[in-house]
Novice: 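Okay, here's the structure, questions in a sec.
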Amino acid sequence: MCTVRGLVKTYPAARGRRGAPATPAVRASDGIDLDVSRGEVFGLLGPNGAGKSTLVRQLTGLLRPDQGQVRVLGHDLVRHPERASRLLGYLGQDSTALDELTVALAAETTARLRGLDVRAARAERDAVIEELGLGGLAGRPLKKLSGGQRRLACVAAALVGERPLLVLDEPTTGMDPVARRAVWAAVDRRRAERGVTVLLVTHNVIEAETVLDRVAVLDRGRVIACDTPAGLKAMVADEVRVELVWRAEAPLHIPGVAALRDAAHASGRRWTLRLPPDAARAAIATVTGGPAFAALDDFTLATPSLEDVYVALGGRTESVEGLVKT
Amino acid sequence: MSVVPAQAMPGMPKAGAPVEEAGGAVPRPADAAPAPLVAPAPLAASARLLPALAAVYRAQLSRARVARIPLLFVATFQSIGIMVLMRGVVDEGGSAARSVVAGSSVLVVAFVALNLLAQYFGQLRASGGLDHYATLPVPPAAVVLGAAAAYASFTVPGTAVTAVVGSALFQLPMGHLWVLAAVIPLSGAALAGLGAALGLLAPRQELATLLGQLGMSAALLLGVLPADRMPEVVSYARDLLPSTYGVEALARSFDGQPDWLAVCADLGVCAGVAVVSLAAATWAYRRAAVR
């Protein structure tokens, strides 16, 4: 489906200018091999600067690799980068091109530019807006939406027009749980109905565990591990760190919250809990759904033990923070 | 323990050899085939030039409601302000008055099509927004022409208002103002192409903004000030600027008996420059989209 062999990309060294120090050449892809099968949800995980976006840009024909081979559905995308746009749908990190359009027009225009005629484009637009629950926002410009809503609108634009491969660069950044769920349901539906393959970049380990079939962990342009989430998890101690920040006093009158109190290390409004993943997910469900959510200011889920795997695999410890974002 | 390659085992299908299916009709999924060479999947259709152009144009035009209307007011008031200022030093009805009104009107086009479009493409390129278009099967010309056409369209109301107000202010005949119907699209296309090319070629976003501003300043100084009072060197620069020919065409139309041949010649130059600058912008887009 999607095969990558010996991919190398080096960004040249930049000369120092006034105010900007010189940077040495960076090998952003350093001999990457990947095999993604049809119908798979395949994740690229890694800290900031690990080379995830560089890899994705080479897979989508936006960046020409120095060496190596990229084949998608039997097409050589190094030799024919222009074919990428006819094989895959891409969601980049930036929304500037769509920012001033309304949600509906962003989806419709993108569908038109994917080669659909007016009628088909409008039908796809309506379907995807319905599917992602964007109906109430359809007439508003992306610029006026919150970060998560804007991201969701960009996902809508990426999903219109059938493509056998979807390449999504951090699709759920900033989204609330409802929006996240809508995105994963939409992705799942395309996979079940049409065998769509999804390649996705993520920072979020928890999300990676729940939605991905396989994960490649990248560091400094190399794949340092590639396995199912369970396989990777087996390398890690199975505790999850949950941090809850309450707006004021913790709502101890709610039984679910009171039950967590004993396990928590409280420091002012902040509670820290170390729980098995299932219990952590249950705890998050308790505090983000129902009456406790009103009292909740913020929460963080992190698997500190993945850092250990990371170190064991030779990853950089100082930048591991980037791997474990909420 | 011995490892025997599959090909060496009797009865095993060779890699790449057709595999018998029990049902016959159901193809094996591509990933299950042992051979790495699978038949290339069919490519989805590309967007054709005109529908894609129309879609980009419509999308860009809709941006006006959100982002461009305040700027359009600025452009119009700037031009009207310049004319009011010049009213103090230029007599009404004369050739100088014609250049001032024509130059101020075309200045609106320069402000929007050159300056704002250069900024827009500069910003799009710097932020990575071009990736959106670059990963869609759309002809580069459709993106550039659609955006340029939309920006040229934004200028219509401002240019028309400026020309009418100027004609009233300087007592010029309005009978031939319909020439604007040719002046705006042609000088708009020429300046928008230039603006898009500047925005896409500038190595940094700030530079794109700067170039756009400089282009507009040039259009202001060289277009509004009467040509016969300029030093020789400056008048050469004036001849190089595409907006000059739009200004000339409009200025000629204020005559009682306009020299239509000269008007057509000026518009022809505009059209020629438009073709060249839009081609350059398309080339610049291709270059910027795949790095």
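Note: hydrogens, waters and symmetry copies are ignored here, and every other heavy atom, side chains too, is used. Labels below follow one simple rule: chain letters A, B, ... track the order of the sequence lines, proteins then strands, and each chain is numbered from 1.
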Novice: Less than 4.5 Å to any heavy atom of chain B: does that hold for the side chain of A/Ser95, its backbone, both, or neither?
Specialist: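 For A/Ser95, neither part sits under 4.5 Å from chain B.
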Novice: In sequence, state the C-alpha distance, the side-chain angles, and the governing distance for B/Asp131 and A/Asp94, and then conclude on side-chain contact (heavy atoms from CB on, under 4.5 Å).
Specialist: CA-CA 8 Å; B/Asp131 289 359; A/Asp94 187 81; over 6 Å; no
Novice: Treating A/His75 as the side-chain partner and B/Ala41 as the backbone partner, does any N or O pair qualify as donor plus acceptor under 3.5 Å?
Specialist: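 Yes: the side chain of A/His75 pairs with the backbone of B/Ala41.
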Novice: For the CZ atom of B/Arg48 and the CG atom of A/Asp117, what is their distance to the nearest 0.5 Å?
Specialist: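 It comes to 9.0 Å.
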Novice: Which atom names give the shortest non-hydrogen contact between A/Ala97 and B/Tyr133, and what distance separates them?
Specialist: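 Scanning both residues, the minimum pair turns out to be CB-CE1, 4.0 Å.
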Novice: Could you grab the distance from atom OH of B/Tyr57 to atom OG1 of A/Thr109, nearest 0.5 Å is fine?
Specialist: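 OG1 of A/Thr109 is found 14.0 Å from OH of B/Tyr57.
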Novice: Could you state the interatomic distance from CZ (A/Arg86) to CG (B/Leu136), rounded to the nearest 0.5 Å?
Specialist: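 Separation between the atoms: 13.0 Å.
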Novice: Rounded to the nearest 0.5 Å, what's the gap from OG1 on B/Thr135 to CG on A/Leu88? Could you check?
Specialist: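 That separation rounds to 7.5 Å.
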Novice: Side chain, backbone, both or neither: which part of A/Leu91 has a non-hydrogen atom closer than 4.5 Å to chain B?
Specialist: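 No part of A/Leu91 comes within 4.5 Å of chain B.
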Novice: Quick one: of B/Ala142, B/Pro51, B/Pro139, B/Ala54, who has the most non-hydrogen atom pairs under 4.5 Å with chain A?
Specialist: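 So the answer, after comparing B/Ala142, B/Pro51, B/Pro139, B/Ala54, is B/Pro51.
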Novice: Could you look at A/Glu40 and say if it's the side chain, the backbone, both or neither that has a heavy atom under 4.5 Å from chain B?
Specialist: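 Looking at A/Glu40, nothing touches chain B.
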Novice: Which heavy atom of B/Pro137 sits nearest to which heavy atom of A/Ser85, and what is that distance?
Specialist: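 Between these two residues, the closest heavy atoms are CA-OG, 3.3 Å.
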Novice: More than 12 foreign heavy atoms under 6.0 Å from CZ of B/Arg286: is that the case here?
Specialist: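 Not buried by this count: 12 neighbours or fewer within 6.0 Å.
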Novice: The test is side-chain contact (heavy atoms from CB on, under 4.5 Å); show your working for B/Arg58 and A/Arg112 and say whether it passes.
Specialist: CA-CA 11 Å; B/Arg58 187 169 158 236; A/Arg112 295 274 285 139; over 6 Å; no
Novice: Rounded at 0.5 Å granularity, tell me how far CZ in B/Arg63 sits from NZ in A/Lys143.
Specialist: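 The CZ atom of B/Arg63 sits 8.0 Å away from the NZ atom of A/Lys143.
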Novice: Rounded to the nearest 0.5 Å, how far apart are CG of A/Leu101 and CG of B/Leu61?
Specialist: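 The CG atom of A/Leu101 sits 11.5 Å away from the CG atom of B/Leu61.
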Novice: Near A/Arg194 CZ, under 6.0 Å, is it more than 12 heavy atoms from other residues, nucleotides or ligands?
Specialist: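 Yes, the 6.0 Å shell around CZ holds more than 12 heavy atoms from other groups.
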